[in-house]
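Structure record follows, encoded as structure tokens.
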Amino acid sequence: MMEIFFETKDVFQLKDMEKIAPKEKGITAMSVKEILQSLVDDGMVDTDRIGTSNYFWAFPSKALHARKRKLEALETQLAESSQKKERLQQSTEKSKIGRQETEERAALTKELAALRQKKEHLMAEIEKYKECDPDVVEEIRQANKVAKEAANRWTDNIFAIKSWAKRKFGFEENRIDKSFGIPEDFDYID
């Protein structure tokens, strides 16, 4: 369909295109409108509404300029990519300097591996004695204090319930203890 525009270098209405396209290019009349709309959407054909009519046109010079702009953009992108590639190659070459495999480098690499292994061993050793760490011991003491307070709070709650049950229902204290499985020596933790 673009050939019709380029060969005639003219402006057409939709009804004109529906007559010309089937005759000259063998495009079915039913699909002319869809093809024309997709060309407009792709920016290959221009359209404008004048009065009540829609006019369509496409000139070879516009397509040529669009191709030139695309070519320039691609050439610029290629140049930038080439420069980036060159910089990366130079960077790679620079980083290889001083990294040749020598006896000294091999010895240092071996020593580094040994030191890393020793560090792991020492960290494992520290982990074994962590419970003797003053900070960890203090943390355990604080946790014990909180647990002791919680246990005494629950003991207090149990005594309050026992007292309430004695007053409300008139049960004896040893009968309540036996019914609920409370030991005889049940008391606060010191």
Side-chain angles (χ1 to χ4, degrees), residues 34-35 37-47 49 65-190:
E34 294 171 14
I35 294 171
Q37 186 59 47
S38 72
L39 291 172
V40 168
D41 292 343
D42 292 342
M44 298 172 72
V45 174
D46 293 314
T47 184
R49 185 177 193 90
H65 288 300
R67 282 192 215 107
K68 280 184 180 177
R69 281 194 303 274
K70 178 88 170 168
L71 180 64
E72 289 171 1
L74 290 173
E75 285 174 346
T76 303
Q77 190 177 359
L78 177 66
E80 289 172 357
S81 296
S82 296
Q83 289 175 350
K84 185 176 180 181
K85 178 185 171 193
E86 185 65 32
R87 282 194 309 271
L88 289 173
Q89 285 177 338
Q90 288 174 355
S91 174
T92 304
E93 291 300 319
K94 225 184 228 183
S95 65
K96 285 182 181 178
I97 296 173
R99 291 189 181 206
Q100 291 80 14
E101 198 59 41
T102 62
E103 288 180 28
E104 182 184 357
R105 182 173 169 82
L108 288 173
T109 305
K110 193 174 185 180
E111 183 181 349
L112 178 64
L115 288 173
R116 283 184 177 158
Q117 188 176 10
K118 185 176 180 181
K119 179 185 173 190
E120 286 177 21
H121 176 70
L122 290 174
M123 292 304 284
E125 194 74 21
I126 287 173
E127 195 63 36
K128 281 185 198 174
Y129 300 113
K130 190 172 185 176
E131 60 219 23
C132 296
D133 183 15
D135 294 337
V136 174
V137 170
E138 185 58 33
E139 225 176 85
I140 291 171
R141 282 189 182 140
Q142 290 299 323
N144 286 342
K145 183 178 178 185
V146 169
K148 183 178 174 183
E149 289 173 359
N152 285 333
R153 188 172 40 250
W154 280 104
T155 303
D156 196 36
N157 290 343
I158 290 171
F159 283 139
I161 289 174
K162 280 174 56 174
S163 171
W164 176 81
K166 276 197 283 188
R167 275 187 319 215
K168 182 79 173 172
F169 302 110
F171 291 138
E172 295 175 20
E173 191 168 332
N174 61 0
R175 186 172 170 201
I176 294 172
D177 290 346
K178 191 173 183 182
S179 297
F180 291 103
I182 300 172
E184 290 180 21
D185 60 346
F186 183 75
D187 204 357
Y188 293 99
I189 300 173
D190 292 328

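We're numbering straight along the sequence, starting at 1. Only a predicted model underlies this, so the values are computations on that prediction, with no experimental measurement involved.
- Residues L115 and K119 fail the side-chain proximity criterion, which asks for heavy atoms closer than 4.5 Å.
- Distance CD/E104 to CD/E111: 10.5 Å, rounded to 0.5 Å.
- Here the side chain of S91 pairs no donor or acceptor atom with the backbone of R87 at under 3.5 angstrom.
- A donor and an acceptor atom, one from each side chain of E138 and Q142, are located under 3.5 Å apart.
- Residues T47 and V40 approach most closely at CG2-CG1, 3.7 Å, considering heavy atoms.
- Looking at S163, its side chain never comes within 3.5 Å of a backbone N or O of F159 through a donor-acceptor pair.
- For the atom pair I140 CD1 and D135 CG, the distance stands at 11.0 Å (nearest 0.5 Å).
- Around the CZ atom of F180, the shell of radius 6.0 Å holds no more than 12 heavy atoms that belong to other residues, nucleotides or ligands.
- Nearest heavy-atom pair, K166 versus I176, reported as atom, atom and distance to 0.1 Å: CG-CD1, 3.9 Å.
- Annotation: Q89, atom CD; neighbour count of heavy atoms from other residues, nucleotides and ligands within 6.0 Å is above 12.
- For the pair F186 and I158, the tightest heavy-atom approach, listed with the atom from each and the gap, is CZ-CD1, 3.6 Å.
- Here the shortest heavy-atom pairing between S38 and I35 reads OG-O, 2.8 Å.
- Remark: D42 CG to Q37 CD distance equals 10.0 Å, nearest 0.5 Å.
- In this structure, CG on N157 lies 13.0 Å from NZ on K162, to the nearest 0.5 angstrom.
- Checking side-chain atoms of D177 against main-chain N and O of I182 turns up no donor-acceptor pair under 3.5 Å.
- Rounded to the nearest 0.5 Å, atoms CD1 (I126) and NE2 (H121) are 10.5 Å apart.
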- prompt: Going through the checks in order, is the side chain to side chain contact (heavy atoms under 4.5 Å, CB included) test met by N174 and K178?
  reply: CA-CA 6 Å; N174 61 0; K178 191 173 183 182; over 6 Å; no

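- S82 contributes atom OG, which lies 10.5 Å from atom CD of Q77 (distance to the nearest 0.5 angstrom).
- Within 6.0 Å of the CD atom in E125, the count of heavy atoms belonging to other residues, nucleotides or ligands exceeds 12.
- Under the 4.5 Å side-chain criterion, counting only non-hydrogen atoms from C-beta, M123 is not in contact with E127.
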